[in-house]
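Down below is the structure, laid out as structure tokens.
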Amino acid sequence: MSLMLTAKNHSIPLSDGNRIPIIGLGTYGDPRTTPKGTARECVKLSIDVGYRHFDGALVYFNEHEVGQAIREKITDGTIRREDIFYCGKLWSTFHPPELVRPALERTLKTLQLDYVDLYIIELPMAFKPGDEFYPKDKNGKYIYHETDLCATWEALEACKDAGLTKSLGVSNFNRRQLELILNKPGLKHRPVSNQVECHPYFTQPKLLEFCRQNDIVIVGYSPLGTSRDASWVNLKCPPLLEDEVLVSIGKKYNKSPSQVALRFNVQRGVVVIPKSFNPQRITNNFQIFDFSLTDDEMKLIEELNKDIRFVELLM
């Protein structure tokens with residue numbers, strides 16, 4: 001699989017006949033600290049670098065910038081809409097079936113695009129529906145909501161049938177939650193992907209195997225570990241990119257530990273969506289198609305697995 005991927009041509013097939021580029025740009029930036037316009041500039045730069053896959057969400061508060069960047073690059077002739085793969089996400093306050101299509105339409109209106117390429121359930125649990133994305137009670141505890149994932153899924157299937165999204169997937173689902181959908185009576189469209197944390201310290205071998213058996217592509221977020229943002233990161237985790245195995249393999253190929261960590265997942269058929277608003281890192285992260293790791297090196301990196309999650313879904 002790895003040998004056929006190039007900077008120009010690095011899409012892999014999805015079970016519904018569509019294709020997904022194996023590297024994408026994650027576009028999350030803390031809305032409180034990210035200057036306006038950052039996402040727009042970084043998406044434009046990354047398109048020039050060669051990225052064609054963008055991972056966004058309504059709750060990132062910057063979908064308008066991402067959409068604007070994509071449209072500007074279409075207008076100037078760099079790309080066509082069909083060259084771009086955009087993944088949007090259904091947030092947890094929109095799980096009731098009647099709220100699903102309006103949520104997707106809100107994303108499309110914000111992006112000013114006619115369709116997304118992939119629309120995924122961001123989290124398997126639901127929050128209380130309403131205007132608040134993170135509803136809390138007076139004690140500061142999240143207010144959860146009863147969810148029926150199968151009913152939510154049926155509403156998503158209708159969105160695909162209506163042409164609002166090309167493919168459907170999920171995120172942060174475990175095997176049991178995936179089986180709920182896969183075994184749903186009358187299932188019309190299978191989930192093509194499951195977006196989960198995935199990197200050399202958290203290689204997800206069991207979930208990866210289950211997803212392979214069911215033709216579900218794993219999309220790995222935080223493929224380089226994460227920033228050290230204590231509000232959502234487990235700071236007890238050692239920094240992945242200082243790992244001596246990644247450093248020494250990198251020296252051999254004249255590559256950085258980041259490039260080695262990304263290449264590792266790509267060679268396992270895992271889509272990577274490193275998030276960066278740093279032009280140098282955006283460029284470097286994409287330079288993973290001009291070398292490949294040996295079977296022994298892949299094994300060495302697999303053995304780094306510590307089952308450590310950096311991202312604590314503090315729900």
Side-chain angles (χ1 to χ4, degrees), residues 1-6 9-24 26 52-55 82 84-90 100 104 115-124 148-199 202-223 262-273 288-289 292 295 298 302 305:
M1 152 164 240
S2 56
L3 302 175
M4 307 175 318
L5 300 169
T6 64
N9 196 347
H10 52 268
S11 290
I12 62 169
L14 296 168
S15 65
D16 62 2
N18 294 315
R19 297 179 71 82
I20 186 171
I22 202 151
I23 183 168
R52 293 295 178 262
H53 172 180
F54 298 94
D55 182 82
E82 55 269 32
I84 292 293
F85 187 99
Y86 183 82
C87 172
K89 305 190 185 78
L90 180 76
V100 171
L104 173 48
Y115 66 91
V116 293
D117 298 274
L118 176 61
Y119 198 56
I120 65 180
I121 301 178
E122 191 157 354
L123 291 164
D148 174 355
L149 287 171
C150 288
T152 304
W153 190 257
E154 285 173 9
L156 285 166
E157 289 179 321
C159 291
K160 176 172 156 79
D161 289 339
L164 303 180
T165 180
K166 301 270 191 206
S167 298
L168 297 172
V170 297
S171 180
N172 298 302
F173 274 44
N174 60 27
R175 178 179 177 155
R176 185 183 58 77
Q177 291 152 344
L178 284 168
E179 282 177 335
L180 244 166
I181 307 248
L182 292 170
N183 299 331
K184 187 184 94 60
L187 181 69
K188 197 169 180 189
H189 301 301
R190 295 166 61 85
V192 298
S193 62
N194 184 17
Q195 186 179 130
V196 294
E197 180 172 348
C198 192
H199 48 73
F202 196 57
T203 56
Q204 298 266 29
K206 286 192 175 128
L207 189 62
L208 186 59
E209 187 44 44
F210 176 77
C211 285
R212 272 191 187 137
Q213 286 164 359
N214 286 280
D215 237 352
I216 296 170
V217 167
I218 291 261
V219 177
Y221 67 74
S222 302
L262 292 171
R263 181 72 204 184
F264 162 72
N265 258 336
V266 160
Q267 271 185 229
R268 301 195 303 155
V270 172
V271 174
V272 288
I273 45 170
I288 55 172
F289 298 109
S292 62
D295 291 347
M298 289 292 288
E302 260 158 34
N305 184 35

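Only a predicted model underlies this, so the values are computations on that prediction, with no experimental measurement involved.
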Do Ile121 and Phe173 have side-chain heavy atoms sitting under 4.5 Å apart? yes
Kindly say whether Leu182 contributes a backbone atom to a donor-acceptor pair with the side chain of Trp153 at under 3.5 angstrom? no
Smallest separation among heavy atoms of Pro205 and Asn305, with atom names: CD-ND2, 4.1 Å
Let me confirm one number: the CE-CZ distance from Met298 to Arg263, rounded to the nearest 0.5 Å. 8.5 Å
Taking Asn265 for its side chain and Cys198 for its backbone only, find out whether a donor-acceptor pair lies under 3.5 Å. yes
Any chance the side chains of Asp117 and His53 put a donor and an acceptor closer than 3.5 Å? no
With rounding to the nearest 0.5 Å, note down the distance linking CD in Gln204 to CZ in Phe210. 13.0 Å
Would the distance check show the side chain of Arg52 and the main-chain N or O of Ser11 forming a donor-acceptor pair, the cut-off being under 3.5 Å? no
Indicate yes or no: at least one non-hydrogen side-chain atom of Leu207 is less than 4.5 angstrom from one of Asn174. no
Considering non-hydrogen atoms only, spot the tightest contact between Pro13 and Val217 and give its length. O-CG2, 4.0 Å
Between the main-chain N or O of Asn18 and the side-chain N or O of Asp16, is there a donor-acceptor pair closer than 3.5 Å? yes
Rounded distance (nearest 0.5 Å) linking atom CZ of Arg190 with atom OG of Ser167: 13.0 Å
Interatomic distance, Asn9 atom CG to Arg19 atom CZ [nearest 0.5 angstrom]: 7.0 Å
Minimal heavy-atom distance between Ile218 and Cys211, with the atoms involved, is CD1-SG, 3.8 Å
Apply the test side chain to side chain contact (heavy atoms under 4.5 Å, CB included) to residues Glu302 and Arg268: give CA-CA distance (whole Å), side-chain angles for both, the deciding distance (0.1 Å), then the verdict. CA-CA 10 Å; Glu302 260 158 34; Arg268 301 195 303 155; 3.9 Å; yes
Can you tell me how far apart CG (Leu178) and CG (Asn183) are? Round to the nearest 0.5 Å. 10.5 Å
Has Glu157 got a side-chain atom pairing as donor or acceptor with His189's backbone, closer than 3.5 angstrom? yes
Going by side chain to side chain donor-acceptor pair (under 3.5 Å), Glu179 matches just one of Arg176, Gln177, Arg175. Which one? Arg175
Ile20 and Ile12, any side-chain heavy atoms less than 4.5 Å apart: yes
Does some side-chain heavy atom of Gln267 sit less than 4.5 Å from a side-chain heavy atom of Leu5? no
Is the number of heavy atoms from other residues, nucleotides or ligands under 6.0 Å of Asp295 CG greater than 12? no
Should Pro124 and Val170 count as side-chain neighbours, where that means a heavy-atom distance under 4.5 Å? no
Taking the side chain as everything from C-beta on, heavy atoms only, tell me whether Asp55 gets closer than 4.5 Å to Lys89. yes
If you define the side chain from C-beta out and look only at heavy atoms, does anything of Phe289 sit under 4.5 Å from Ile23? yes
Looking at Leu90 and Tyr119, what are the two nearest heavy atoms and their distance? CA-OH, 3.5 Å
Any side-chain to backbone donor/acceptor pair from Thr203 onto His199? Under 3.5 Å, distance only. no
Asp215 versus Ser15, closest heavy-atom pair with distance: O-CB, 3.6 Å
Test item: Gln195 side-chain N/O and Glu122 main-chain N/O as donor-acceptor pair under 3.5 Å: no
Output the distance between atom CG (Leu118) and atom CG (Leu168), rounded to the nearest 0.5 Å. 7.5 Å
For Asn194 against Asn172, the heavy-atom pair lying closest together: OD1-N, 3.6 Å
